[in-house]
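Read through the structure below, which is laid out as structure tokens, and then see the notes.
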2 protein chains.
Amino acid sequence: MDDAPARARRPRRGSGAVTLHDVARLAQVAPMTASRALNTPARVSPEVLARVREAVKATGYVRNHAAGALASTRSRLVAAVVPTLAGPVFLPTIQALTAALADHGYQLMLGQSGYIDSREDALLDAIIGRRPDGIVLTGTVHSPDGRQRLQAAGIPVVETWDLSPEPLDMLVGFSHEAVGRAVAQFLLARGRRRLAVIAGDDERSRRRHEAFRAAAAEHGLAELAVVTVPAPTTLRSGRSALLELLRRPAGVDAVFCSSDLLALGVLTEARARGLDVPGQLAVVGFGDHEFAADLEPALTTVRIDGGAIGRQAARFIVDRAEGREVAERVVDVGFSIVDRASA
Amino acid sequence: MDDAPARARRPRRGSGAVTLHDVARLAQVAPMTASRALNTPARVSPEVLARVREAVKATGYVRNHAAGALASTRSRLVAAVVPTLAGPVFLPTIQALTAALADHGYQLMLGQSGYIDSREDALLDAIIGRRPDGIVLTGTVHSPDGRQRLQAAGIPVVETWDLSPEPLDMLVGFSHEAVGRAVAQFLLARGRRRLAVIAGDDERSRRRHEAFRAAAAEHGLAELAVVTVPAPTTLRSGRSALLELLRRPAGVDAVFCSSDLLALGVLTEARARGLDVPGQLAVVGFGDHEFAADLEPALTTVRIDGGAIGRQAARFIVDRAEGREVAERVVDVGFSIVDRASA
DNA sequence: GTGAAAGCGCTAACAC
DNA sequence: GTGTTAGCGCTTTCAC
């Protein structure tokens, strides 16, 4: 008695799934009322609410978010872009972000920008096309065109893991320069003089070791041994980097590695060559990866609270999406040097 | 001269962004033609194609996938569910999956099911609500209700990292039982007799070590020392598990760990106590994590090609989404024991 | 508190 | 090859 005759005229499209209309009909209310019962239960009478809920159960209805997103221009989808998932660095952030968003009914879309700029732009377009309620960037958008498109899209953006001077929009991170300086001072204070750096060839670790170098120079140390390894960093490159360092005639008594994995490589290679850590060589990592505390010797490293970054990013996005203007758009989560046995 | 007067009557809704209509108007074609120019360029005349492309550039148009999804009932969104991102086990799979899907214009949605069943069901609903073109499960859906809803939704499902006897739909994995047997035989063939297992307390590693135990029993070994550690496994729990093993009076000359991280913990603790590996203790890991080859001693482990699992899962989903029926719904990617120094 | 009407931006189906 | 029409399933707006 409903749309059966209409169906004869036109072939059925759509998914064939239960719709809100079906629920509404069963509950004997208007579709709009059913919608309200699900979204703002407080604005609906208890009896109607009960009937609708029953109908939902009876039909096995699951809302179609795509339709809702189209009508309301709120997708409750948040995109996260990482350079790559390979390094473990961003994992805690992504994990916390996913969880925090889920708590508010938001879902995470993941994109890997890789190291090719053209892919990054394509990814950005794919993301914007989905009209997410927010975009979380771990890593930077390189192309000016990409940055421009992001701004034009009017989607809230959170940049993370950095404290760039000109944020696109919102920002949660820490100062890589401050890390570099702090580690240099830490090592200097312990009497180390022949400093070295093993750094991934990415922008941020470059900035850390530049600051490290500058701080060392201020203390009268001219020479800094630097080995650059390709990102993402691995245990293997840590091993071979130490080998390279040891070949240098000047010698080395402290290494600052741009990741804990690299540091583990250094530890491994040092042991293989009978080099005493920290006696002959102090080793400092970066990230305070879960395994750092339990290494032999326990790894001195720079602790970054990746989870906090993810949670703050989620807060930023959700606040914006719910229409709350965020007062402070930049959050510095800081860092700390965890002083363990290796240095 | 177009809809300006209409706008006066009703307040403007929508996002205010450039729509396909705007592009079509500028290119002087019907919206449908503009749509075709973007989706099936081959079915449009070269001149029209050029005009549309120009209009896209001029306006900075980015398609609204949500609208497209609603109209076409194809979201080009694929959901992936992992128990947690914490362990590094599924990373290569997720990474390969994300990349392979992106190559075909699909985007990944990530969900963490955690270890709570109610959260899993909520997650499933959130996912189904987005009407993804496919769902990739790493780990199992536990609740019968959840499995039921998944099937009812009619969304292609790929279960991974396992070879369950009753797949929901499609499957790509390997046999955990076969792994357990193979490792037991490997160790037995090398003359090890006092076998031990350090296993995460998840379903699969339980099945690996059950098979391991059975194979050992077949060879006349009655006793098997087992230490169970909470998932996700860590280096620390590897260290303390070895400690516990060493306390047993029977002694141990070989350990099969349910992850490489656990094995690294065992290696670390063994060294701290002056225990020779592989002389006094053979150590076998699981996963062939990137660092395994470069440990000291290099870790003998079970290699699983996580990337291949991800790529095959992507192939399954994309094939289905494009309407190609997949002939073989189950793919066994197998495994291999990488024979290195630690055993 | 509830309902009717009018789209959100796109594409399937059918003509021409 | 191109255009017209009619929705996809939901929510906004406005009236009651």
Side-chain angles (χ1 to χ4, degrees), chain A residues 3 6-25 27-52 56 59 61-76 128-131 323, chain B residues 3 6-25 27-52 56 59 61-76 128-131 323:
Chain A
D3 56 352
R7 217 200 293 185
R9 272 201 292 110
R10 261 189 180 270
R12 227 260 212 248
R13 299 204 301 165
S15 58
V18 181
T19 73
L20 192 56
H21 275 75
D22 301 331
V23 171
R25 199 184 313 148
Q28 314 213 52
V29 293
M32 191 57 240
T33 306
S35 171
R36 273 193 280 257
L38 298 180
N39 296 315
T40 50
R43 286 188 212 166
V44 138
S45 73
E47 306 90 79
V48 166
L49 184 56
R51 287 219 308 278
V52 171
V56 166
T59 53
Y61 169 74
V62 182
R63 71 129 58 59
N64 184 335
H65 259 101
L70 184 56
S72 67
T73 62
R74 292 191 45 197
S75 62
R76 288 174 176 280
I128 296 172
R130 303 232 126 92
R131 303 291 189 269
Chain B
D3 56 353
R7 217 201 291 184
R9 272 200 293 112
R10 257 186 182 272
R12 224 253 216 253
R13 300 203 302 165
S15 57
V18 181
T19 73
L20 193 55
H21 275 75
D22 302 330
V23 171
R25 199 183 316 147
Q28 316 213 53
V29 293
M32 189 62 236
T33 306
S35 171
R36 273 193 280 254
L38 298 179
N39 296 314
T40 50
R43 287 186 212 167
V44 138
S45 72
E47 306 89 78
V48 166
L49 184 55
R51 287 218 307 276
V52 171
V56 167
T59 52
Y61 170 74
V62 182
R63 70 129 60 59
N64 184 334
H65 259 103
L70 184 57
S72 66
T73 62
R74 290 190 46 198
S75 63
R76 290 176 174 277
I128 295 172
R130 310 270 176 199
R131 303 291 190 269

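Residue numbers begin at 1 in each chain, while the letters A, B, ... track the order of the sequences.
- The residue among A:Pro31 and A:Ala42 whose nearest nucleotide of DNA chain C lies closer to the 5′ end is A:Ala42.
- A side chain to side chain contact (heavy atoms under 4.5 Å, CB included) with A:Arg25 holds for exactly one of A:Val23, A:Val29, A:Asp22; it is A:Asp22.
- Here the P atom of nucleotide C:dC10 and the CG atom of B:Leu70 are 12 Å apart, to the nearest Å.
- Residue B:Thr19 has no polar side-chain atom (N or O) positioned under 4.0 Å from OP1 or OP2 of C:dC8.
- For the pair B:Val56/B:Leu38, a side-chain contact is recorded, criterion being any heavy-atom separation below 4.5 Å from C-beta on.
- A:Ser35 has no side-chain polar atom (N or O) that falls below the 4.0 Å cut-off from OP1 or OP2 of D:dC10.
- Distance CZ (A:Arg63) to P (D:dC8): 19 Å, rounded to an integer number of Å.
- Between the side chain of B:Ser75 and the main chain of B:Arg131, a donor-acceptor pair closer than 3.5 Å is present.
- With rounding to the nearest 0.5 Å, the separation of NE2 in B:His65 from CZ in B:Arg76 is 6.0 Å.
- Between A:Ser72 and the phosphate of C:dC8, there is no side-chain N or O to OP1/OP2 separation shorter than 4.0 Å.
- Residue A:Arg43 contributes atom CZ, which lies 11 Å from atom C1' of C:dG1 at whole-angstrom precision.
- Atom CZ in A:Arg25 sits roughly 15 Å away from atom P in C:dG3 (whole-Å rounding).
- Between A:Asn64 and the phosphate of D:dC8, there is no side-chain N or O to OP1/OP2 separation shorter than 4.0 Å.
- Among the nucleotides C:dC10, D:dC10, C:dG3, the one closest to the side chain of A:Thr33 is C:dG3.
- The distance from atom NE2 of A:His21 to atom P of D:dC10 is 8 Å, rounded to the nearest whole Å.
- The distance from atom CE of B:Met32 to atom C1' of D:dT2 is 10 Å, rounded to the nearest whole Å.
- Each of B:Val29 and A:Arg36 lies near DNA chain D, and the nucleotide nearest B:Val29 is the one positioned closer to the 5' end.
- We find that CG of B:Asn39 is positioned 14 Å from P of C:dA13, with the value rounded to whole Å.
- With hydrogens and angles ignored, the 3.5 Å screen pairs no side-chain donor or acceptor of A:Arg63 with any backbone N or O of A:Thr19.
- Taking the side chain of B:Val44 as heavy atoms from C-beta on, and the options D:dG9, C:dT11, D:dT2, the nearest nucleotide is D:dT2.
- With hydrogens and angles ignored, no donor-acceptor pair under 3.5 angstrom links the side chain of B:Arg131 to the base of D:dG9.
- Atoms CZ (A:Arg74) and C1' (D:dT12) sit 14 Å apart, rounded to a whole Å.
- B:His65 comes within 4.0 angstrom of nothing in the nucleic acid, heavy atoms only.
- Among the atoms of the strands shown, only primed sugar atoms or phosphate atoms (P, OP1, OP2) are found under 4.0 Å from some heavy atom of A:Ala30.
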